[in-house]
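Before any comments, here is the structure.
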Number of protein chains: 2
Amino acid sequence: MADGRASSAQSGENLLFLTDEQLRQGIEAMFFAYRGFTADPDRILSDMAYGRAHHRAVHFINRAPGTTVNNLLNILGVTKQSLNRVLRTLIEDGLVESKVGKADKRERHLFLTEEGHALEQKLSDAQRVRMRMAYREAGPDAVAGFRRVLEAMMDREMRNAYGRLKDSGT
Amino acid sequence: MADGRASSAQSGENLLFLTDEQLRQGIEAMFFAYRGFTADPDRILSDMAYGRAHHRAVHFINRAPGTTVNNLLNILGVTKQSLNRVLRTLIEDGLVESKVGKADKRERHLFLTEEGHALEQKLSDAQRVRMRMAYREAGPDAVAGFRRVLEAMMDREMRNAYGRLKDSGT
DNA sequence: TTGGAATGTCAACAACACTGACATATGCTG
DNA sequence: CAGCATATGTCAGTGTTGTTGACATTCCAA
């Protein structure tokens with residue numbers, strides 16, 4: 001199983017495809033690529049009092065304005081205490097606004113302020129530059145495959161969340 | 001630039017391909033997929049005194065037995081203090097062996113013990129299960145594209161490290 | 001022999017996650 | 001209205017992983 005042969009019975013067409021070696025290369029590619037993926041925003045954030053967690057919060061609030069805390073919690077997959085620490089600083093610093101819900105006053109709806117939008121732009125611009133280069137270098141067919149594999153790699157709930165966001169974006 | 005149109009001048013063929021919206025979907029796919037990617041090993045590790053950093057160390061020592069601390073440092077992209085804390089516990093617990101170099105006695109060459117191999121197997125088995133399912137679901141062409149985009153997303157040094165590991169694996 | 005490289009270690013600190021407990025306000029249901 | 005559930009916020013404690021900075025040891029090479 002660890003000697004380079006296929007690690008499970010495969011039909012002939014797959015014997016040369018799903019070897020442990022091929023899978024391990026994919027695993028390592030994910031590891032190295034994710035480092036690159038986060039490197040640029042991380043560099044920007046390290047000059048401020050913010051970190052990757054702030055980036056994620058700002059990204060998804062921008063993506064789904066008016067989202068509730070609970071919804072954000074589900075998307076980010078962290079505890080409310082962890083998210084709250086991040087949201088508190090963002091609200092204190094005037095990047096995020098929290099509005100009491102109209103229908104249900106227990107809920108808080110989150111919005112980016114102008115300043116919050118500015119940060120989001122700065123971070124996502126940096127991340128898009130790399131993404132655009134990678135997409136252009138690899139070509140449209142590769143991008144389609146890239147997306148298909150990533151989707152298949154997600155947990156079910158994350159795939160659902162991803163689908164909802166994808167559909168909401170025009 | 002944030003209104004959904006392509007964010008940089010593109011030739012016609014790319015106007016429908018590299019919109020900010022498409023790029024953002026790719027960014028979110030990476031985020032959600034990476035969560036799935038690490039979920040299974042993380043679950044296993046949380047039952048021990050180990051974390052993701054231990055997994056990474058064990059993975060690359062297994063991949064390149066006899067690697068030096070410095071080499072591992074470059075691959076993992078962390079400080080020696082951070083790596084050392086992880087290596088120390090792995091050595092203390094008898095999962096990793098550190099051998100003084102023959103040619104250069106300053107160097108330490110790292111190897112997995114039997115117990116270390118057992119943990120590596122357990123972790124990478126879990127990770128491969130998900131990878132294999134994703135690969136199978138997406139198909140060979142998608143996988144090729146997946147790998148091409150990921151490679152294009154890496155920093156140069158990481159792409160080099162990745163290439164060396166890839167070539168070393170038969 | 002001296003300088004520098006490789007390694008290891010100590011201390012302090014920060015970011016980010018977790019659990020557990022508790023408070024507050026609100027909504028819903030009987 | 002009473003009681004329970006939900007949504008949010010907060011406090012305290014803890015763990016993992018990363019960082020800087022400082023310093024010691026060992027050893028190679030000029």
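All values reported here derive from a predicted model rather than from experimental measurement.
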Taking [atom1] from [X] and [atom2] from [N], how many angstroms apart are they, rounded to a whole number?
{"X": "His55(B)", "N": "dT16(D)", "atom1": "NE2", "atom2": "P", "answer": "17 Å"}
{"X": "Glu107(B)", "N": "dT25(D)", "atom1": "CD", "atom2": "P", "answer": "21 Å"}
{"X": "His109(B)", "N": "dT7(C)", "atom1": "NE2", "atom2": "C1'", "answer": "12 Å"}
{"X": "Met48(B)", "N": "dC18(C)", "atom1": "CE", "atom2": "C1'", "answer": "19 Å"}
{"X": "Asp47(B)", "N": "dC18(C)", "atom1": "CG", "atom2": "P", "answer": "16 Å"}
{"X": "Leu73(B)", "N": "dG8(C)", "atom1": "CG", "atom2": "C1'", "answer": "12 Å"}
{"X": "Asp42(B)", "N": "dG15(D)", "atom1": "CG", "atom2": "C1'", "answer": "14 Å"}
{"X": "Leu110(B)", "N": "dA6(C)", "atom1": "CG", "atom2": "C1'", "answer": "13 Å"}

Counting only side-chain heavy atoms from C-beta out, which of [options] sits nearest to [X]?
{"X": "Lys105(A)", "options": "dG27(C), dC28(D), dG18(D)", "result": "dG27(C)"}
{"X": "Arg108(A)", "options": "dC16(C), dT17(D), dT8(D)", "result": "dT8(D)"}
{"X": "Val78(B)", "options": "dT19(D), dC16(C), dC11(D)", "result": "dT19(D)"}
{"X": "Thr68(B)", "options": "dC27(D), dT19(D), dT7(C)", "result": "dT7(C)"}
{"X": "Asn84(B)", "options": "dC16(C), dT8(D), dT9(C)", "result": "dT9(C)"}

According to a strict under-4.0 Å criterion, is [X] in side-chain N/O contact with OP1 or OP2 of [N]?
{"X": "His54(A)", "N": "dC16(C)", "value": "yes"}
{"X": "Ser82(B)", "N": "dT17(D)", "value": "no"}
{"X": "Arg35(B)", "N": "dA17(C)", "value": "no"}
{"X": "Thr79(B)", "N": "dT19(D)", "value": "yes"}
{"X": "Arg52(B)", "N": "dG15(D)", "value": "no"}
{"X": "Asn70(A)", "N": "dT8(D)", "value": "yes"}

Report task. Identify, between Gln81(B) and Leu83(A), the residue whose nearest nucleotide on DNA chain C lies closer to the 5' end. Result ->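 Comparing both residues, the 5'-ward one is Gln81(B).
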Query - Nearest-nucleotide comparison on DNA chain C, the residue closer to the 5′ end among Lys102(A) and Tyr50(A) - result: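 The residue whose closest nucleotide sits nearer the 5' end is Tyr50(A).
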Donor-acceptor pair (no angle test) under 3.5 Å: [X] side chain, [N] base:
{"X": "Arg106(B)", "N": "dT26(D)", "result": "no"}
{"X": "Lys80(B)", "N": "dG8(C)", "result": "yes"}
{"X": "Arg85(B)", "N": "dG18(D)", "result": "yes"}

If I compare all heavy atoms of [X] with all of [Y], which pair ends up nearest, and what's the gap?
{"X": "Arg35(A)", "Y": "Ile75(B)", "result": "NH1-O, 3.4 Å"}
{"X": "Arg147(A)", "Y": "Tyr162(A)", "result": "NE-OH, 3.1 Å"}
{"X": "Ala134(A)", "Y": "Val149(B)", "result": "CB-O, 4.0 Å"}

Query raised in the report: So, Arg128(B) and Asp125(B), do they make that salt bridge, N to O below 4.0 Å?
Result: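 Salt bridge flag = yes for Asp125(B) with Arg128(B).
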Query raised in the report: Is Glu137(A) paired with Arg130(A) through a side-chain N to carboxylate O contact shorter than 4.0 Å?
Result: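 Glu137(A) and Arg130(A): not salt-bridged.
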Query raised in the report: Contact class for Ala57(B) vs. all strands (heavy atom < 4.0 Å): base, sugar-phosphate, or nothing?
Result: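 Nothing, no nucleic acid heavy atom in range.
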Report task. Please examine the side chains of Lys99(A) and Glu97(A), heavy atoms only from C-beta on, and report whether any two atoms are closer than 4.5 Å. Result ->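 The answer is yes, as the side chains (C-beta and beyond) meet within the 4.5 Å cut-off.
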